[in-house]
Structure formats: C-alpha cells, structure tokens
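Worksheet: one structure, shown below.
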Amino acid sequence: MKIKDAEIISLMQNPRTQEKGVRALMDAYQSRLYWHIRRIIVDGDLAQDTLQETFIKAYQNFHQFKNDSQLYTWLYRIATNEALQQVNKMKKMQKTDEDPEYYMQNLVADNTEGDAEEIQLLLQNAIQSLPEKQKLVFMMRYYDDLPYEEISKIVDMSVGTLKTNYHYAKQKIEEFIKENYER
C-alpha cells in the first residue's frame with residue numbers, strides 16, 4: 001500500500017513518529033529521486049551517495065517544508081541542488097580523460113550492438129554536452145515528465161525560461177545526433 005504525502009508529512013512533523021516518517025519518505029521517493037540524480041550524475045555509486053545526502057538534508061530541514069508545494073517538488077529541489085553540487089565538485093577534480101563527454105564518446109566508438117543502442121548512447125552523450133540549465137530542464141521534462149510549473153518550483157526559473165531552455169536543448173540534441181550518427 002502506497003502511503004500518501006499527507007501521512008508522510010504528519011509522521012515527519014511529530015518527533016515520536018519522525019523515524020517512521022523518514023522510512024516512509026524514503027520508500028515513497030527513493031527510486032524516483034535516484035533516477036533523477038542518476039541522470040545528472042552518471043556514476044551510480046556517486047548518485048547513490050547523493051541520494052543519501054538528499055534524504056539527510058530533507059530530514060534535517062523538514063521544519064522548513066512549508067506545504068505550499070508538493071512534497072516531491074520540495075525533495076526534487078533538494079536532490080537537484082545536491083546533484084549539481086556534486087557535479088561542480090567533480091568538475092573541479094576532473095582530468096580531461098575522465099570527462100563524462102570523453103567517456104560517452106568512447107562508449108559510442110566501442111559500441112557494435114546496433115543502431116538502437118548507438119542512438120541511446122548518442123542521446124546520453126548529447127545530453128551530457130548541454131549547458132547545465134538546459135540539461136536539467138531537459139531531463140526533468142523528458143525523463144521525469146514533470147510539468148513546467150513543477151520544474152519552475154524545483155529550479156526557481158520562470159515557465160517561459162524553462163520552455164526556451166527545453167526547446168534549445170531539444171534542438172542541440174537533435175543536431176548532435178544527426179552530426180554523430182553513423183549508419
């Protein structure tokens with residue numbers, strides 16, 4: 001049985017049931033948040049660590065949840081911020097040959113499994129090459145199928161700006177795939 005957000009919020013607000021609330025929160029959102037983070041951070045172990053940090057921050061800052069947005073919107077915002085912080089840390093520590101774009105290009109070059117896999121890898125490579133804001137908006141809209149209004153609350157951007165970023169991201173991805181797809 002899936003627990004409702006109102007029940008989770010109630011459990012989290014009561015110090016005696018907070019531990020049960022954290023477990024319910026994790027059960028309800030762990031998978032969705034993991035895959036959201038994973039699309040930002042390619043490395044699975046690092047994505048898992050970032051997910052744990054997200055839940056820690058949510059637990060520590062639950063008193064700041066104002067109930068003026070949906071619970072998952074608030075959690076996505078925390079997860080997004082945590083993931084972007086990890087990306088920034090990685091960029092500072094990376095050497096050129098460890099760059100995700102370089103890694104994805106090598107995967108595409110080594111791929112002989114077929115067109116579908118090649119296109120999927122090209123898509124991932126194209127997404128990784130986008131500017132951060134466009135990448136974030138594209139992933140939330142394309143993979144998570146979030147409405148622009150929810151994305152707006154998560155990333156604190158106007159809906160018009162989001163639509164523009166999504167449009168440009170789609171164009172860049174299409175161009176990237178057309179330029180790099182070999183039949």
Side-chain angles (χ1 to χ4, degrees), residues 1-91 100 120 123-124 126-128 130-170 173:
M1 184 171 106
K2 191 173 180 180
I3 191 166
K4 301 233 184 281
D5 283 355
E7 294 175 61
I8 294 172
I9 293 167
S10 177
L11 290 169
M12 290 290 293
Q13 289 174 334
N14 183 341
R16 285 184 273 144
T17 59
Q18 198 169 31
E19 187 177 317
K20 185 177 178 183
V22 170
R23 276 187 259 128
L25 182 76
M26 291 174 71
D27 288 345
Y29 292 104
Q30 188 165 355
S31 180
R32 286 174 71 189
L33 290 174
Y34 172 78
W35 288 108
H36 169 66
I37 293 167
R38 181 70 190 267
R39 285 186 283 275
I40 298 170
I41 302 172
V42 179
D43 180 84
D45 291 335
L46 190 54
Q48 189 65 42
D49 291 346
T50 304
L51 176 65
Q52 295 308 315
E53 285 298 317
T54 298
F55 284 122
I56 290 168
K57 286 261 171 81
Y59 170 75
Q60 291 172 339
N61 297 298
F62 199 80
H63 64 279
Q64 294 178 349
F65 177 67
K66 304 289 185 227
N67 220 2
D68 57 354
S69 66
Q70 292 184 20
L71 185 57
Y72 82 86
T73 303
W74 184 72
L75 290 168
Y76 264 54
R77 184 175 209 148
I78 294 170
T80 300
N81 289 338
E82 288 297 310
L84 291 176
Q85 285 179 0
Q86 280 296 338
V87 167
N88 287 335
K89 285 181 193 173
M90 288 174 9
K91 282 182 181 176
Q120 186 61 32
L123 173 62
Q124 293 304 314
I127 291 169
Q128 291 301 321
L130 292 172
E132 286 301 319
K133 284 182 183 178
Q134 289 177 9
K135 182 190 318 183
L136 197 56
V137 171
F138 181 82
M139 289 188 302
M140 286 185 194
R141 184 80 177 139
Y142 182 79
Y143 288 114
D144 298 329
D145 198 28
L146 292 176
Y148 287 114
E149 293 75 21
E150 290 299 318
I151 299 171
S152 173
K153 292 175 186 174
I154 293 167
V155 298
D156 199 24
M157 247 188 254
S158 74
V159 172
T161 302
L162 291 172
K163 288 181 178 179
T164 301
N165 274 299
Y166 185 73
H167 174 75
Y168 285 131
K170 277 186 3 185
I173 288 170

Between [X] and [Y], is any pair of side-chain heavy atoms under 4.5 Å apart?
X	Y	answer
Q52	M26	yes
E149	P147	yes
I37	E82	no
I127	R39	no
M139	D144	no
I78	L33	no

- Could you go step by step and tell me if L51 and Q30 meet the side-chain contact (heavy atoms from CB on, under 4.5 Å) rule? CA-CA 8 Å; L51 176 65; Q30 188 165 355; 3.6 Å; yes

- Task: Could you check whether the rings of Y166 and F138 sit parallel, tilted or perpendicular, using 30° and 60° as the cut-offs?
- Result: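 Geometry flag for F138 against Y166: parallel rings.
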
Can you tell me how far apart [atom1] ([X]) and [atom2] ([Y]) are? Round to the nearest 0.5 Å.
X	Y	atom1	atom2	answer
K135	N165	NZ	CG	13.0 Å
N14	K20	CG	NZ	11.0 Å
Q48	L46	CD	CG	10.5 Å
Q128	L123	CD	CG	10.0 Å
I40	T50	CD1	OG1	9.0 Å

- Task: Look at the side chain of N61 and the backbone N and O of Q64, then say whether any donor-acceptor pair between them is shorter than 3.5 Å.
- Result: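 Here the side-chain-to-backbone pair does not exist.
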
- Query: For the side chain of S10 and the backbone of A6, is there at least one donor-acceptor N/O pair under 3.5 Å apart?
  - Reply: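 A pair under 3.5 Å: no.
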
- Item | Criterion side-chain contact (heavy atoms from CB on, under 4.5 Å) on Q18 and Y59, from CA distance to verdict | CA-CA 9 Å; Q18 198 169 31; Y59 170 75; 3.7 Å; yes

- Task: Quick one: do L146 and Y72 satisfy side-chain contact (heavy atoms from CB on, under 4.5 Å)? Show the steps, please.
- Result: CA-CA 11 Å; L146 292 176; Y72 82 86; 3.6 Å; yes

- Message: If you count heavy atoms of other groups shown closer than 6.0 angstrom to OH of Y142, is the number above 12?
- Response: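 Open: at most 12 neighbouring heavy atoms sit under 6.0 Å from OH of Y142.
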
- Message: Is it the case that atom CD in Q85 sees more than 12 heavy atoms from other parts of the structure closer than 6.0 Å?
- Response: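 It does: Q85 CD has more than 12 such atoms within range.
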
- Name all pairs fulfilling the ring pair (Phe, Tyr, Trp, His ring centres under 6.0 Å) condition that reach into residues 10-35, sequence neighbours left out, sorted by first residue then second.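 Ring pair (Phe, Tyr, Trp, His ring centres under 6.0 Å) check on residues 10-35 returns no pairs.
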
Please table the atom pairs, donor to acceptor, closer than 3.5 Å between any side-chain atom in residues 151-159 and protein atoms at least two apart or in another chain.
unit_1, atom_1, unit_2, atom_2, d
S152, OG, M157, O, 2.5
S158, OG, T161, N, 3.2
S158, OG, T161, OG1, 2.8

- Message: For H36 and R32: C-alpha separation, side-chain torsions, deciding distance, then whether side-chain contact (heavy atoms from CB on, under 4.5 Å) applies.
- Response: CA-CA 6 Å; H36 169 66; R32 286 174 71 189; over 6 Å; no

